Amino acid sequence: MEHNFGQDFVPAPGSFDKSRVVNVKPIRTLVPVFPSPSNPSSSSNPQGGAPFVCVSPSGPYPAGVAPLYPFFVSPESQRLSEQNAQAQAGQRLPAGPISTAVPINSFRTPTGATNGDIEMNEVDAEDGTGNGSHKRKSGKKGRKPKGARGAPTNVNPEAVANDIFESINPIVFDALSQPDGRDSVTYTLLVYEVLKRKLGQLEETSKDISGAKRPDLKAGALMLTKGIRANSKKSIGVVLGVEIGDIFFFRIELCLVGLHAPSMAGIDYIGTKTSQEEEPLAVSIVSSGGYEDNVEDGDVLIYTGQGGVNKDKGASDQKLERGNLALEKSMHRGNDVRVIRGLTDLAHPTGKVYIYDGLYKIQNTWVEKAKNGFNVFKYKLVRCPGQPAAYMIWKSIQQWTQKNASRTGVILPDLTSSAEKIPVCLVNDVDNEKGPAYFTYSPTIKNLKPTAPVESSAGCSCIGGCQPDNYNCPCIQKNGGYLPYSAMGVLADLKSVVYECGPSCQCPPNCRNRVSQGGLKIRLEVFKTKDKGWGLRSWDPIRAGTFICEYAGEVIDNARVEELVGENEDDYIFDSTRIYQQVDVFPSDTEAPKIPSPLYITAKNEGNVARFMNHSCSPNVLWRPVVRENKNESDIHVAFYAIRHIPPMMELTYDYGIVLPLKAGQRKKKCSCGSAKCRGYFC
DNA sequence: GTAATTCAGCGGTAT
DNA sequence: ACCGCTGAATTACTA
């Protein structure tokens with residue numbers, strides 16, 4: 001019982017040994033539970049409760065197209081807190097007078113139906129299962145051999161998209177054909193992510209892809225054309241499957257999930273032509289700072305109408321038409337209006353983050369003179385009460401950052417004691433625990449018995465950093481011909497192993513192929529969860545595919561693992577040999593993370609933030625082995641990446657995997673991830 | 001280093 | 001046909 005020095009413990013800045021804190025058991029030590037033999041109740045998958053969904057590989061890949069990054073997904077809603085879920089459940093129905101939703105200009109005829117086109121809607125309509133009608137081309141072109149990408153070839157984005165869509169797991173089609181919900185939203189965004197990155201990757205290498213200069217737009221257009229989208233009926237109020245606090249990084253994502261249809265305009269409305277109504281009615285707005293909006297506080301928004309800017313004619317008065325008219329009409333009807341707040345993404349200052357902040361009502365509208373002297377419309381929107389915090393969370397974080405507001409529950413401003421470049425806060429606003437058990441913070445993995453590299457590892461000689469179009473770079477070749485990271489530093493093309501540049505490479509530390517080597521980039525904090533011990537979450541919004549951290553600790557061998565298991569000291573063990581569930585959007589392209597040789601890491605005594613990441617059966621983080629080029633020894637790391645966009649302050653979790661068979665003395669532990677797809681236990 | 005500019009793009013509504 | 005609170009790269013600035 002190490003609870004002794006907990007209560008009167010006061011961290012003395014500077015003098016304090018940060019790693020010495022009170023024992024709090026992590027989730028892994030929760031009461032063991034024996035597996036219930038075949039649990040038929042976990043039946044949300046169409047294969048009838050089988051724990052693994054397997055679809056035989058198919059893979060017609062066009063020349064030059066490597067198999068895709070298959071983001072694992074469990075489409076579980078995973079919210080900050082239960083209140084959010086409650087609020088969602090109790091969410092009001094659309095308050096507007098429009099009871100029947102209006103279809104967006106959807107399901108257009110697929111353009112240029114080349115061979116291999118998929119008719120999404122037929123899948124929906126025919127048998128409802130999506131299993132049978134999803135035709136696959138019988139295996140023709142084989143998979144290109146690893147690293148065999150040759151000179152740049154012209155690639156048709158639509159062919160790329162078709163191949164991707166063809167490799168989609170039928171369960172995705174099932175979800176998409178169901179009434180729209182969280183699954184269809186999650187899957188839609190996942191497929192979009194994969195397609196966007198693939199197009200971006202190809203654009204970098206083969207230069208000549210028609211229309212792929214904007215992979216975000218191109219990918220979005222292809223998705224819409226094929227009907228891979230959610231909530232294609234435009235409606236006022238709640239959007240099924242989209243939760244307050246959800247974040248997006250591209251405007252077209254808002255369109256894909258049915259939150260906000262226009263790809264650019266800030267006001268979405270239902271026009272008179274597309275509905276039975278006499279007047280246009282507003283649906284949603286995006287406030288991105290393009291106009292002179294004011295933000296009084298988190299719950300009030302002064303929004304500026306659209307128009308009055310014309311790049312040819314210059315400025316002019318805004319007119320009461322289109323979106324402006326719709327907002328006015330919606331105000332008179334007392335309709336709810338969805339609000340999406342756009343902020344600059346600090347991680348990528350060139351980009352934006354969009355936060356869905358829930359429903360607002362328009363309280364007032366007026367005309368005023370803008371700075372340029374022309375009339376603009378103003379709308380005062382007030383947030384409907386009872387909704388979970390979303391944008392407010394961002395404001396709070398901003399205030400903590402600026403030290404303007406003191407935060408309750410902070411135990412340590414930096415539990416790494418500057419071992420990381422950026423501080424990691426330790427906080428408990430739940431109870432009186434003063435911190436986790438003693439451990440030494442170590443930012444990286446320690447391999448006490450280095451082994452020779454499995455493969456030859458001469459490294460590259462890319463002096464200015466590895467370039468995506470350099471076909472001769474050996475590091476790129478190891479990754480199958482493409483850099484594994486996108487230009488935005490996001491995991492773009494992941495197979496079972498990521499090959500990064502390493503000590504034997506001549507490229508600089510800022511090389512795009514060294515993403516996991518720069519230490520923490522995201523501001524993380526270790527916090528006390530309600531019922532899972534300590535956990536990990538982020539102050540910053542995280543893009544899907546972003547590197548989060550590696551699993552630091554001491555490398556041990558299997559014998560030691562079994563010892564520790566026998567002593568019931570197996571918490572904090574990372575075990576690469578477990579079975580990692582792969583319910584995939586793209587089963588044919590997915591390989592479970594595979595390590596050249598088994599890797600066991602214990603972070604019991606020594607570790608980094610990763611040791612605090614809890615298990616979830618619906619995780620938002622996954623791991624991949626990262627092999628770095630190193631002549632003298634094998635240089636393997638375990639890196640964690642975001643599966644999807646993760647809003648600030650949402651707990652980060654990964655799947656601990658399944659141990660088969662159980663080691664002597666090993667017991668499964670009861671899982672409290674709370675997910676609807678929870679397996680009930682983990683190891 | 002940051003700010004302004006440029007440019008190719010998209011979905012949607014209205015004509 | 002026209003419009004719009006894109007998004008990223010490029011150029012132009014300021015310091």
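Keep in mind it's a predicted model, so treat the numbers as computed, not measured. Per chain, numbering begins at 1; letters A, B, ... match sequence-line order.
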Nearest-Å distance, NZ (A:Lys352) to C1' (C:dA8)? 12 Å
Distance below 4.0 Å between [X] side-chain N/O and [N] OP1 or OP2:
{"X": "A:Tyr269", "N": "B:dG12", "value": "no"}
{"X": "A:Thr350", "N": "C:dA9", "value": "no"}
{"X": "A:Arg214", "N": "B:dA8", "value": "no"}

Both A:Gly308 and A:Phe249 contact DNA chain C. Which one's nearest nucleotide lies toward the 5' end?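 Nearest-nucleotide comparison on DNA chain C picks A:Gly308.
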Both A:Gly307 and A:Gly351 contact DNA chain C. Taking the nearest nucleotide for each, which residue is further toward the 5' end? A:Gly307
Look at the aromatic rings of A:Phe250 and A:Tyr192 and report parallel, tilted or perpendicular, splitting at 30° and 60°. perpendicular
Polar contact flag, side-chain donor to acceptor under 3.5 angstrom, [X]-[Y]:
{"X": "A:Arg523", "Y": "A:Thr401", "result": "yes"}
{"X": "A:Gln306", "Y": "A:Gln318", "result": "no"}
{"X": "A:Trp400", "Y": "A:Gln398", "result": "no"}

For DNA chain C, what dot-bracket results from Watson-Crick or G-U pairs at under 3.5 Å, with [ ] for crossers and | for inter-strand partners? ||||.||||||||..
Just call it for A:Gly342: base, sugar-phosphate, or nothing, with non-hydrogen atoms closer than 4.0 Å on any strand.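 A:Gly342: no heavy atom of the nucleic acid under 4.0 Å.
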In terms of side-chain heavy atoms of A:Lys234, which of B:dA8, B:dG12, C:dC5 is nearest? B:dG12
Checking contacts here: which listed nucleotide (C:dC5, B:dG11, C:dG7) is nearest the side-chain heavy atoms of A:Leu224? B:dG11
With a 6.0 Å cut-off on the ring centroids, do A:Phe249 and A:His645 count as close?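 Yes, the ring centres sit under 6.0 Å apart.
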